[in-house]
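Just so you know, these numbers use all the heavy atoms, side chains as well, and skip hydrogens, waters and symmetry mates.
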Amino acid sequence: MAAETAKNPVQPEETTQYTVLKLRLCPSPEQAALIEKTFGCCRYLWNKMLSDVQEFYAATDLQYIPTPARYKKEAPFLKEVDSQALCTVHQNLRRAFLDFFRAPGAFGAPQFKTKKACRDSFTVYCREYRTGPSIYLTADGLQMPKLGFLRAKVHRRPRPCWSLVSVTVRKTRSGKYFAAIAFKYSVRQPEPVVPTADRTLGLNYSLNRFYVDSEGNSPDLPGVARSKEKLSRIQRKLSRMQYGSGNYEKQLQKLRLQHERIANQRRDFIHKESRRIANAWDAVCVRDTDLAELARRLKQPNVLDLGFGMFRECLRYKLERQGKAYIAVDRFAPAAKTCRACGCVNEKLDAHDKVWTCPHCGAEISREVNAARNLRDMGLAQIA
């Protein structure tokens with residue numbers, strides 16, 4: 001039996017993972033017009049189905065969502081766009097109602113969509129036919145139903161084992177079109193890495209330095225401050241222009257592009273920094289802080305500026321894909337008030353004190369570095 005086990009070792013289980021490639025689309029004027037028409041049809045169908053659901057529920061006290069085919073007779077323009085995009089609207093509305101009835105406190109009731117308030121997007125799922133898949137990626141573009149061949153900036157190629165699942169076409173406020181292509185593939189689950197004290201990092205959120213780790217280091221923040229200064233100048237110039245004029249629209253476009261640039265800088269920094277930490281350490285301990293509540297309590301808008309919540313999520317999934325541990329420490333744990341040297345808890349510590357002296361042992365303590373090291377020890381104690 002031992003010899004058979006040695007010859008046939010237990011293979012790790014396979015799991016399904018998803019990866020999304022985001023491409024910049026360069027549609028022709030005819031394709032752009034069809035994309036805009038698809039946005040409008042999806043919005044019209046959502047509002048129409050939601051209105052009928054509410055009327056039917058008020059009359060019969062039953063839940064029923066009609067299919068998109070029911071509306072094509074009274075709205076023939078729905079036949080001009082891809083039917084898969086309309087089917088996705090039906091599925092999304094059904095899922096929205098299921099989430100609302102399952103947890104009304106966490107999910108709100110489905111709302112009507114307006115042309116100005118919502119973000120324009122539609123999703124098309126890939127289907128396999130005898131002639132081939134309905135959607136496929138080429139060397140310099142994307143083939144989609146109804147739209148045909150869309151030129152795109154393909155900066156990354158999918159692996160041969162990846163299978164295309166869906167494509168979501170979005171339009172930004174600045175007028176750019178992007179396609180989020182979802183791929184799925186099977187991978188073997190990585191062997192779990194046992195964290196040790198010297199291979200575990202503690203991260204403490206810092207309002208000015210983004211985070212301070214247990215080694216006393218902080219990241220080099222992107223040049224968001226300079227971009228925000230430029231954003232302020234654009235906003236001041238826009239406020240002095242006449243609403244609706246040609247110069248107002250040009251300045252408004254500059255404002256949208258600057259907002260987009262800041263968001264791209266933030267996203268690029270988060271992905272690069274989370275990847276660096278996930279590759280360098282076996283486990284990471286982070287406090288489970290409610291950033292929205294922290295922003296309300298401190299009354300400072302820059303709490304959410306650099307996206308520390310998004311950073312935690314990126315760090316979590318990148319560690320899990322390598323079999324490493326992401327440890328969330330209780331948000332109420334006294335990591336900053338506990339002395340690293342003697343374990344004394346200083347209940348009189350003020351929130352503005354960056355350096356304090358332990359009343360028990362007299363040690364000089366840096367608040368942020370001490371909190372990061374205590375978070376590391378608390379996280380290791382949780383999984384011990």
Side-chain angles (χ1 to χ4, degrees), residues 14-27 31 35 38-39 42 82 84-85 87-89 91-92 95-96 99 118-128 132-147 149-190 259-279 306-324 326:
E14 289 192 352
T15 182
T16 302
Q17 285 187 1
Y18 292 87
T19 296
V20 178
L21 303 184
K22 187 177 180 180
L23 308 180
R24 169 79 182 276
L25 298 178
C26 305
Q31 291 174 331
I35 291 175
T38 308
F39 291 152
C42 292
D82 189 6
Q84 293 299 317
C87 292
T88 306
V89 174
Q91 296 173 5
N92 292 341
R95 190 180 302 113
D99 291 338
C118 68
R119 182 175 61 178
D120 292 328
S121 67
F122 67 87
T123 302
V124 179
Y125 286 89
C126 180
R127 293 185 177 273
E128 294 288 341
S134 60
I135 305 173
Y136 56 89
L137 190 65
T138 62
D140 57 349
L142 181 67
Q143 182 70 30
M144 292 186 64
K146 292 280 187 176
L147 291 169
F149 176 74
L150 281 167
R151 295 190 63 84
K153 297 181 180 180
V154 185
H155 63 280
R156 180 184 175 187
R157 305 297 307 177
R159 296 183 181 180
C161 60
W162 293 6
S163 61
L164 197 151
V165 179
S166 65
V167 175
T168 300
V169 179
R170 293 189 178 95
K171 181 183 178 182
T172 63
R173 288 286 187 178
S174 60
K176 300 176 183 178
Y177 295 96
F178 290 91
I181 311 174
F183 295 90
K184 72 174 182 178
Y185 50 94
S186 298
V187 295
R188 293 181 178 178
Q189 290 185 349
H259 274 295
E260 191 174 297
R261 174 177 174 80
I262 294 175
N264 291 337
Q265 286 180 315
R266 181 189 303 114
R267 193 178 300 110
D268 179 73
F269 163 73
I270 286 174
H271 279 287
K272 287 181 178 179
E273 189 65 19
S274 59
R275 172 54 62 193
R276 183 190 67 81
I277 294 176
N279 292 344
L306 284 179
F308 190 75
M310 180 182 177
F311 171 75
R312 289 186 302 191
E313 289 300 315
C314 292
L315 187 61
R316 179 189 57 78
Y317 86 80
K318 288 173 183 177
L319 286 168
E320 289 178 353
R321 288 191 175 186
Q322 300 182 43
K324 300 177 180 180
Y326 174 85

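In terms of modelled atom types and a separation under 3.5 Å, the side chain of Gln31 and the main chain of Cys26 share no donor-acceptor contact. Formation of a donor-acceptor pair under 3.5 Å by the Lys176 side chain with backbone atoms of Arg24 is not found in this model. The main-chain N or O of His271 is found under 3.5 Å from a side-chain atom of Lys318 such that the two form a donor-acceptor pair. Between the side chain of Ser163 and the backbone N or O of Lys184, at least one donor-acceptor pair lies under 3.5 Å. Under the 3.5 Å distance criterion, the side-chain polar atoms of Asp268 are left unmatched by any main-chain donor or acceptor of Asn264.
Proximity of Leu164 to Pro133: side-chain heavy atoms (C-beta onward) are nowhere separated by under 4.5 Å. Looking only at side-chain heavy atoms (C-beta outward), Ile181 and Leu23 come within less than 4.5 Å of each other. Proximity of Lys146 to Thr38: side-chain heavy atoms (C-beta onward) are nowhere separated by under 4.5 Å. Between Glu260 and Thr172, the closest side-chain pair of non-hydrogen atoms falls below 4.5 Å. Using a 4.5 Å heavy-atom threshold, the side chains of His155 and Leu21 count as separate. The shortest distance between side-chain heavy atoms of Phe183 and Arg159 does not fall below 4.5 Å.
Minimum interatomic distance between Arg188 and Glu14 (heavy atoms only, all atoms of both residues): CG-CG, 4.0 Å. Among all heavy-atom pairs drawn from Ala85 and Val124, the shortest one is CB-CG2, 4.2 Å. Between Leu147 and Phe122 the shortest heavy-atom distance is CD1-CZ, 4.3 Å. What you find for Ala278 and Leu319 is that their closest heavy atoms are CA-CD2, 3.7 Å. For Thr138 against Val154, the heavy-atom pair with the smallest separation is O-CG2, 4.2 Å.
Checked options Thr168, Thr88, Asn92; the residue passing with Thr123 is Thr168 (criterion: side-chain hydrogen bond (donor to acceptor under 3.5 Å, both in side chains)).
A parallel orientation is assigned to the rings of Tyr177 and Phe39, their planes being inclined by less than 30° (bins at 30° and 60°).
Expressed to the nearest 0.5 Å, how far CD of Gln189 lies from CD of Gln17 amounts to 9.0 Å. Between the OG atom of Ser274 and the OH atom of Tyr317 there is a distance of 6.5 Å, given to the nearest 0.5 Å.
Remark: the Thr19 side chain and the Tyr185 side chain contain an N/O donor-acceptor pair separated by less than 3.5 Å.
At most 12 non-hydrogen atoms from other residues, nucleotides or ligands lie less than 6.0 angstrom from OH of Tyr136. Within 6.0 Å of CZ on Arg127 lie no more than 12 heavy atoms contributed by other residues, nucleotides or ligands.
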